[in-house]
Structures are given as structure tokens and as C-alpha cells.
Q: 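For reference, the structure I am asking about is given below.
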Amino acid sequence: MSTTSSKRPFTRRGFIKGASLGVGVPVVGGLLAACSTQSVTPAGGAAVAQPHSDTEPHATAAAAVASYEDMDRMHEEGVKAFVAGVETKGKGNQPLAFTLDGDVKVFELTASEVDWQVAPGIDVKAWAYNGTMPGPEIRITEGDKVRVVVKNELPESTAVHFHGVMLPNSMDGVPFVTQPPIKPGESFTYEFTARNPGSHMYHSHHNSTKQVGKGLLGAFIIEQKDRAKDPAYDLDFTLILNDQNGGFTFNGKGFPATEKFVAKLGQKVRFRYMNEGMMYHPMHLHGLPQLVFARDGWNLPQPYMADTINVGPGERWDVIVECTDPGVWAFHCHVLSHAEGEHGMFGMVTALIVQE
Amino acid sequence: MSTTSSKRPFTRRGFIKGASLGVGVPVVGGLLAACSTQSVTPAGGAAVAQPHSDTEPHATAAAAVASYEDMDRMHEEGVKAFVAGVETKGKGNQPLAFTLDGDVKVFELTASEVDWQVAPGIDVKAWAYNGTMPGPEIRITEGDKVRVVVKNELPESTAVHFHGVMLPNSMDGVPFVTQPPIKPGESFTYEFTARNPGSHMYHSHHNSTKQVGKGLLGAFIIEQKDRAKDPAYDLDFTLILNDQNGGFTFNGKGFPATEKFVAKLGQKVRFRYMNEGMMYHPMHLHGLPQLVFARDGWNLPQPYMADTINVGPGERWDVIVECTDPGVWAFHCHVLSHAEGEHGMFGMVTALIVQE
Amino acid sequence: MSTTSSKRPFTRRGFIKGASLGVGVPVVGGLLAACSTQSVTPAGGAAVAQPHSDTEPHATAAAAVASYEDMDRMHEEGVKAFVAGVETKGKGNQPLAFTLDGDVKVFELTASEVDWQVAPGIDVKAWAYNGTMPGPEIRITEGDKVRVVVKNELPESTAVHFHGVMLPNSMDGVPFVTQPPIKPGESFTYEFTARNPGSHMYHSHHNSTKQVGKGLLGAFIIEQKDRAKDPAYDLDFTLILNDQNGGFTFNGKGFPATEKFVAKLGQKVRFRYMNEGMMYHPMHLHGLPQLVFARDGWNLPQPYMADTINVGPGERWDVIVECTDPGVWAFHCHVLSHAEGEHGMFGMVTALIVQE
């Protein structure tokens, strides 16, 4: 599969001129434009939403034709880039290695400011654990003794809360309530035994609107000691939803730089949705229904089927998708303005690719 | 029941003057004013919401008395108009007839721009299937072979996604992923066998924030082959929630032009909620609890009772209401700013009328 | 525990000057500033949210150090004030006494405008039942005959709807539909038999965006006749969530003036969440999971566990928390911008304190 197409700029101007602007131009610069020209549609607000009235006067047929062809090409470029694979700097939610101190698994997290690339052309300053947004995935097993050593290289104090995890109050990570804040240059050690299995999270609990907003967040997964307590599955993916730093992201990347999920026909895939943002995100997978079997890490007494899982801030939902039908199945937030603009898809869009 | 009242204008000015402004004036023009004077209350936002501080200085008692009487009259007019029945042009969500080609049920959809009346005085340009917003309701039975021929008379390319429906990937309606976009003047034929029964939807999946926003959406219902799998019910209503073109609507209309739901004492009513908007809408029915039995078209293993069903974008929820008590039961979105303003109820308000 | 700390101002200016500004200055004035400097992050909106970009230029290390120490101290002051206990005028959600008229329990509610203190320094004009926001808690038992006499001392007409309660249509509280509005100076009597137990609410149903927004709301709890139908619990707390008048509140107060919930190790605590606002609020309790057992007052056929309960407008959720671990467990809305700003925690924050 050629990646040539992903090297062509998406900007409307570029297309109108019919000129390639070359390598130095952001590949998906049009996505930024798409974002910035979206109007704001408040949820829970009182205004009558007419987001398109300003930007779309009723064009003449001739003008519209010129426009729709450009528009289609920009949409196509985004899809082609996604399918071919878009290179971005940095990858979040990667497994974090541990060392053993006796029977204690020791993880190290360093919080610092980094440059983070959400998609080509969308570069932000992030506050990150071990250099990535989201931070690395910490994965242990029920009953494990775990130690997390946090070093603060930020210009602000911080603290880490293990969201959803049962632990001694002194390890809960709330400054001035359960511990002093970790000042710049200092460290703090969290230590506890993993009691409740499930899909949990870790994130800053100090000045959290800003600090979590800037990227201090990650997945904290406690596997079942007895795997038979979970439904069977072949693949296991974590999907951290966010809507703050750099816009709408899955695991810190926006379409077309989002990770593709690839499975084989007949496989069962577990998705762990985690919302670390401020908005709700109804996650819609095309074609293949989702068996919802865990909520906030706790297995439901009675799983149920759905195709659009509304994940609220702080919530986690675990689902199983059975890959009964081959193809490229779109997979996106169904608040459409988080996923598609005039210049094509962006933000919270990916695909589950089921190969025969 | 006289409709005279619905011919009197609602505008504050009209009431203050005590003058009828005549037939040429929008019947519920006040609703527009009500909408436009609402302040925006973002959900998930950070601002301290004090929506009334600017518009409501602490009036003197005398001024307040003049005002509350006008206000009450405007509220009353809205209710009277609703009860009497408000004529508006166009009705969405009507059954779509099909032809048979062998054993295939053939439906035809044409997408074009139309004038759409949400309520008297609220007229918008909509992008519509077969001239209505929402489009016609497609209703088939599990196991049916179905063909949907889509003709595009819009100035933009488009495509149709059958949201929640299991089908071959090539029929999934995502331009450049599963098909080329349907260009202006062109057609595309979708064909598949209906596998998973339930309350589903169809809508544009190209430039979707705009295209669905402007009205390219409708209900796609696959009835159970074995009706005994659903709870028993006497009446079956679809309620498409929307918050985009023309404001807050049920089946494309805002109060007082919303459809009334009428049942007889003792009957069981099925409501199929479908959210085609961008915001969540907690649907509250007064007086009569709702048995929630299906989610996204999938029957729940264990139905449960509730009175306020929060329907997120892309979600569908099916409920049964048992009409145990007679009367006019208010039925509305419980984000109150989607339902009532200083000039009376508007938007997402209707009623379930239980007749003895 | 000394309350001295709560008498020191939180303002950044105060800290920078290192001067106590004295008693006349709002104790938590900094909270207001924290609120007002938050940027608006719409949910369901289309904008790429970068809430911090304007207010946080990349400071030099030296400037940052000065800033983080001030910031930490402001955060600490808030926590200390909360722990010590913050005096505010007025307490909502207090039990409402009744008189007996034969076997009818008679409650009296008077709606009027009052001054309401959300937190020190956050004083608003509220519309209140019996002088508090929320109004008093009405608590009866399934099968009780109840009469609620409502007197209107507001400058507007009003009416009371018993949200979630099954009752005769004439008692449903919708002006011009089930009753005339209660005009200023007038009264209306509601009377019905309590049929469906659970956590319900009462609030205005006239000009409701404004009237409920300004504070006309309260808890209406119908206890089970057979207590064995609910799970066992030792303590029973009502938590009314709101996001309108005075900002983000629990039972009408914002942090650090929010009520602390205190239990003993081993006790089971019932929380009744009720959302009377316009936004969703995912309620996250640290350390101790929540058994969700009732929805809108109706016990679920199958309770389930969660740690973040997303409560939508108009919804009620009942949970049981088993106090298995001692300590001060943070308890807050997980839309972080409803709970914490640069100057510390505010709004929807409290704690469950489990004492050994």
C-alpha cells in the first residue's frame, strides 16, 4: 500500500490550486482547519443550534459543484492516509515494564512537559508520564503487590490518583487530604496490593482540570487472577477517550493518526473504553454489536448488547466484539462534531478491520 | 375544541398592546423569541452557570405583576395551541411504501434540499430524504431481503449508513471506505438481508456533522420475526430526538407543533427513542413509569423501570408504558432549557394522552 | 481542629502580598476567581478544546516556582477549611415536619425569593421553598395519604410537579394542562396517596428553566412500606446535584461549604443522587465502590457495581457504599471543571469520611 497520498496536503487552498505544496506542509493541515471552522454546539444549553447557518449560504449549483469535488477529495485523502498509516511522533498507552523488589512489582513514572503530536499538523505541549499522552499502560494481576514511584519534573506540584482502585487511604493521591503534594523535583512512592480487578485509570489529582487536561493520565489494568471470570476473548485493546489537549483523541491521537484495530474473522476482541476527558462520548462501532460486560472494572451480573456505548467522564466500560463479518468497520464517537467536518473525518475516528 | 386561540400571536409586544396582530403573524412567534433569549449553558463546561443574571434584574413588584400575567398568557397560548392541534407544513417519519422485486422489498430515497417547518414561525432549509425531516420510516421484518435505492439531488456528495444494522461491509455507507460517495445527480443501491431486529436508524455518513445536522436521517425498524420475543404492546410510536436544524425537535417538530400520543386506559404503548442530535436528552414522562426493555435494538436480558431515559447521540432505547392512569401526561426532555422558556414551552415537549 | 485557616483569604493577590486581608474579605473569594477564569468547554460541541492555552503561557522556571507554592497553599486552604467545617448561612434538604389531618400527612411549602449562601463569598438571590435551596426534604412512606399546600410569595406564577411520583393527573402540577398556575399571593393544594416508593423530587413546572434554575426544587422520598425490599443500610444521605444558581452544588452548597458524610467502619451508606441541573454529573467516590440498586426510585432487578455514576438531569440513582476501608475518601463530580480550578477545589466536591 503506497503512502504517497498521505504526503499531499489536505488544505482547500492546495486542492483549488491543484498544486502539491511539498513535504514541508503538514499532511493533514486541513484537519486543523476543519476543527477551527466548526461552530460550538453546547450540550445542555438553551440556544437553538443552527451550526451551519453562517458558513453555508445557499451556493449556486456551479459553485457547489466545484466545492463538493474538493470536499470529496479531502475526505478521501483522510481515509487513504488512515488506511496507509500515518506516522506521528510518540505512541501512548504502551506497556510499562516493571522491576521486582522481592515480590513487589515496581513501576516508575516521571511527569514532565513534552511535545506531543496528535496528528500531522497538530502539535501540542503536553504534561505527560514517561513522555507520552496517555502515559504508559500499567498492567498487573489481582493480588499483586505494586509500587509506583512518581517523580515530578513539572513546574507545578502534582499527585497521582488510582481511579477505581481499592487501596489504603494514604495511597489515594489527594493532596492535603491523603498526602502532601509532590513538589517540583520531588518524588512520592505509592504502594498497595491490587484487590479489585478491572479496567482502571491513573491520573493527576492536583490542579486536575489543568493537569489531567494537559495529559497526566493513563490506563491501570488489574487482570483477573481467575481469567475464567471474564468472557473469552482473543485480543485486548484499551481505548482512552479524551477531548482536551489537542482536541478529540483516542489514546492521544486524532484521525487519521489513530491506531487501527486489526482482528481475524471469528476472533473476539475486548475493548476497554476509558474516558479521561470532560465530555461524554458515545462510542459507535459499525456492523458488529458489542457485548457490554463490565462497568468501571466490575463485571456486570448480566451482560447486554449495544452498538453505541456512551462513555462519561471517569467511566470505564468493557465490551466484547465478535468479528463475525469481514471488512473495515468504522468506529467513532457519535457526537458527529467530534468526528467529521467539512474537510473530512478527524478526531475520534478509527476502524476495526476484520481480515478473512 | 376551538383553534381560535392558536391564531393569536404569542409575542410579548402583542400581549402588552392587547392587540391581535392577525393571521399573517406567526402563531407561535414568541417561541422563537424564547429560544433566542435563552443563554447558553454548556454541559461539561467550567463556567459557573447563572443564565438568568443578565436578563432578569430584580423587578419592582408592580412591574413583575404586569410581566407575570403576560407570561402566563403566553404559556397558556402554547398549551392551548398544542391541545387544539397546530397545523404545520410537512410530516416526517411516515411509513415508506415499498415495491417487491421477487422477494426483495425495494425502498426509494431521494435526498434533496427542502423547506421545512418545525413550528409556526420556525422555518428552515433542510436536507431531507423524500422531502421530510426526519425522512420516512422504513419498517421491515427480520429475515427480509431489502433494497434501498438512494438518489442524490443535493449539491454535495452523500452516502447512507444503516446505523445499528448488521450487513455486509460493502453496504455500510462510509465513503472511500466501503463505497464511493454518491455524487450529485447519481444514485447508489444498498441491498442486504435484515439480520438483527430492533430500532435502528439510517442517516448520511458523508460530511455527517453537516448532512445529518441538516436533516438527512430517519428510522429503520426491523420487526421481530417472532413477535413474542418483545413484550406485549398495543401501540408503537417512534420518537426521533434532534437538536440541530430548527432547534430541539421530536420527529422534526417543536412544541406546540409536536405530535400528541393518544392511547386508551389500560393500553400498553411502545416508544422507540432515537437520538439523531449532538446532545443528550433525558426523556421524562410524567405519571406513568417506563419499562426499559431494549437498548440499540437489542432486547435487554432483564428489563427495568425508570421515568427519565437519558438518550445519548446515536443511541436507541425502547420502552413500554402501561396506561394505568387517565389524563394528559407531559412528556419532555428534562434538560429544561430544551423545553421551556420565559414565553412558554417550546422544543422537546409533547404529551401522552390517556383517554378513559 | 482550628478553623483559623478558613479565615485567611485565598486570593492569589493576598498570597502574593503575604498579607491577611481581614475578616471583611470573603473567605473563599479565590474560588469565585477560579470559577470565572475557567474557560468554557462545551460538551457535544465541535470546537477543539484547548482550555489552557490562553491563560498559561510557558512560564519561566523561576516564575513557575513562585506560582506553584501559592497554588499549593490555596489548594491546602480549601481542604483545611472543608475539614474544619465552613459556616454558611442556611441549610437545605432538611426534614419537613408535617401535621396530621385525620390520616393525611399535611406539608406546607412557601415559595419566595431569599438570599442564599452557596459558599463563603458566593451569595445569590434564590427562589426557594421554605427559605432554602434545595427546599426541605419531604419524606413519607408508601401508602401514606399526603397533602402539600403550596403558597406562592414569588413575583411570578408557579406550580409544583412531583417528579417520578405516580398520582392523579389533576395533581401533576403542569399549568394550563392539569391546573391553573398558582399566581403570586395564591395557594394550591396537592393531595394524593403515595403509590410508588423511591427517591423522587418536587420542583416547579412553570417557567421551569428559570424557576428550577433559581432554586425551586427539593427531594420527595417515599420509603418502602416493606423495608426488606431495599438492601440493608445504616445511613441514608440525599445528594441533590445542581449546576445552575450559584454554580456547581451538592444540596445547595459548593466546596468547601459542602456537607461531609461521616460513617463508621463497616457501616453501609445509602446515597440518593438526584440531578436538578441541566448538565450530567458523573459522581465518583474514591476507594469504595458503589452498589447501584435503584434507578429513578425503582429498584433494579439486578444491582451492579460501579465507581462513577453518571447522573443525568431529572435522573435519580440509589447506591449502597460499604465502608470497608477507613479514611477521608474524596467524592466529587468527575467533570473535573465542575470540581477543581487553579485556586483549588470548588463546587461539586465533598468526602465520605470513614472513622475507625
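Residue numbers begin at 1 in each chain, while the letters A, B, ... track the order of the sequences.
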Q: For B:His206, is it the side chain, the backbone, both, or neither that has a heavy atom closer than 4.5 Å to a heavy atom of chain A?
A: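 Backbone plus side chain of B:His206, per the 4.5 Å heavy-atom cut-off to chain A.
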
Q: Establish, for the pair B:Lys253 and B:Trp116, whether the NZ or CZ atom is under 6.0 angstrom from the six-membered ring centre and no further than 45 degrees off its axis.
A: yes

Q: Just checking, any donor-acceptor pair under 3.5 angstrom between side chains of B:Glu315 and A:Thr308?
A: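 Per modelled atom types, B:Glu315 and A:Thr308 side chains form no pair under 3.5 Å.
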
Q: Is it the side chain or the backbone of B:Pro168 that comes within 4.5 Å of chain A heavy atoms, both, or neither?
A: backbone

Q: At a 4.5 Å cut-off on heavy atoms, which part of B:Ser208 comes close to chain A: side chain, backbone, both, or neither?
A: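 The answer is both parts of B:Ser208.
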
Q: Please check if the distance between the ring centroids of A:Phe346 and A:Phe255 is under 6.0 Å.
A: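 Ring centres of A:Phe255 and A:Phe346 not closer than 6.0 Å.
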
Q: Tell me whether the rings of A:His286 and A:His284 are parallel (<30°), tilted (30 to 60°) or perpendicular (>60°).
A: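 Ring orientation, 0 to 90° scale: tilted.
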
Q: Below 4.5 Å from any heavy atom of chain B, which atoms of A:His332 appear? Answer side chain, backbone, both or neither.
A: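 For A:His332, side-chain heavy atoms alone lie under 4.5 Å from chain B.
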
Q: State, to 0.1 Å, how close A:Gly312 and A:Asn275 come at their nearest heavy-atom pair, and which atoms those are.
A: O-CB, 3.1 Å

Q: B:Val174, B:Asp172, B:Val177: which one forms the most heavy-atom pairs within less than 4.5 Å of chain A?
A: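 Option with the greatest count: B:Asp172.
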
Q: Between B:Pro181 and chain A, which part of the residue has a heavy atom less than 4.5 Å away: side chain, backbone, both or neither?
A: side chain

Q: Would you mind telling me which of A:Ile309, A:Thr324, A:Asp325 has the largest number of heavy-atom pairs within less than 4.5 Å of chain B?
A: A:Asp325

Q: Write out, in numerical order, the residues from residues 190-204 of chain B with a heavy atom short of 4.5 Å from a heavy atom in chain A.
A: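 Within residues 190-204 of chain B, the residues under 4.5 Å from chain A are B:Arg195, B:His203.
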
Q: Would you check if there is a donor-acceptor pair between the side chains of B:Gln211 and B:Thr158 at a distance under 3.5 Å?
A: yes

Q: Using a cut-off of under 4.5 Å on heavy-atom pairs, state which of A:Gly287, A:Ala339, A:Gly327, A:Ala306 scores highest against chain B.
A: A:Ala306

Q: Among B:Gln302, B:Arg295, B:His163, which residue has the highest count of heavy-atom pairs closer than 4.5 Å to chain A?
A: B:His163

Q: Are A:Phe271 and A:Phe331 an aromatic pair, judged by ring center distance below 6.0 Å?
A: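 Centroid distance A:Phe331-A:Phe271: below 6.0 Å, so yes.
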
Q: Taking B:Asp243 for the side chain and B:Gly277 for the main chain, is one N or O donor matched with an acceptor at less than 3.5 Å?
A: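 No, the answer is negative, given that no donor and acceptor are paired below the 3.5 Å cut-off.
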
Q: Could you check whether A:Lys80 pairs with A:Glu76 (Lys NZ or Arg NE/NH1/NH2 to Asp/Glu carboxylate O, under 4.0 Å)?
A: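 Between A:Glu76 and A:Lys80 there is a salt bridge, with a charged N closer than 4.0 Å to a carboxylate O.
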
Q: Scan side-chain atoms only and decide if B:Thr178 and B:Asn169 contain a donor-acceptor pair under the 3.5 Å cut-off.
A: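 B:Thr178 vs B:Asn169: no donor-acceptor pair found between side chains.
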
Q: Go through the atoms of A:Pro313 and report whether side chain, backbone, both or neither lie under 4.5 Å from a heavy atom of chain B.
A: neither

Q: Apply salt bridge (Lys or Arg N to Asp or Glu O under 4.0 Å) to the pair B:Lys183 and B:Glu156, showing each step before the final yes or no.
A: CA-CA 7 Å; B:Lys183 294 182 183 175; B:Glu156 277 185 14; over 6 Å; no

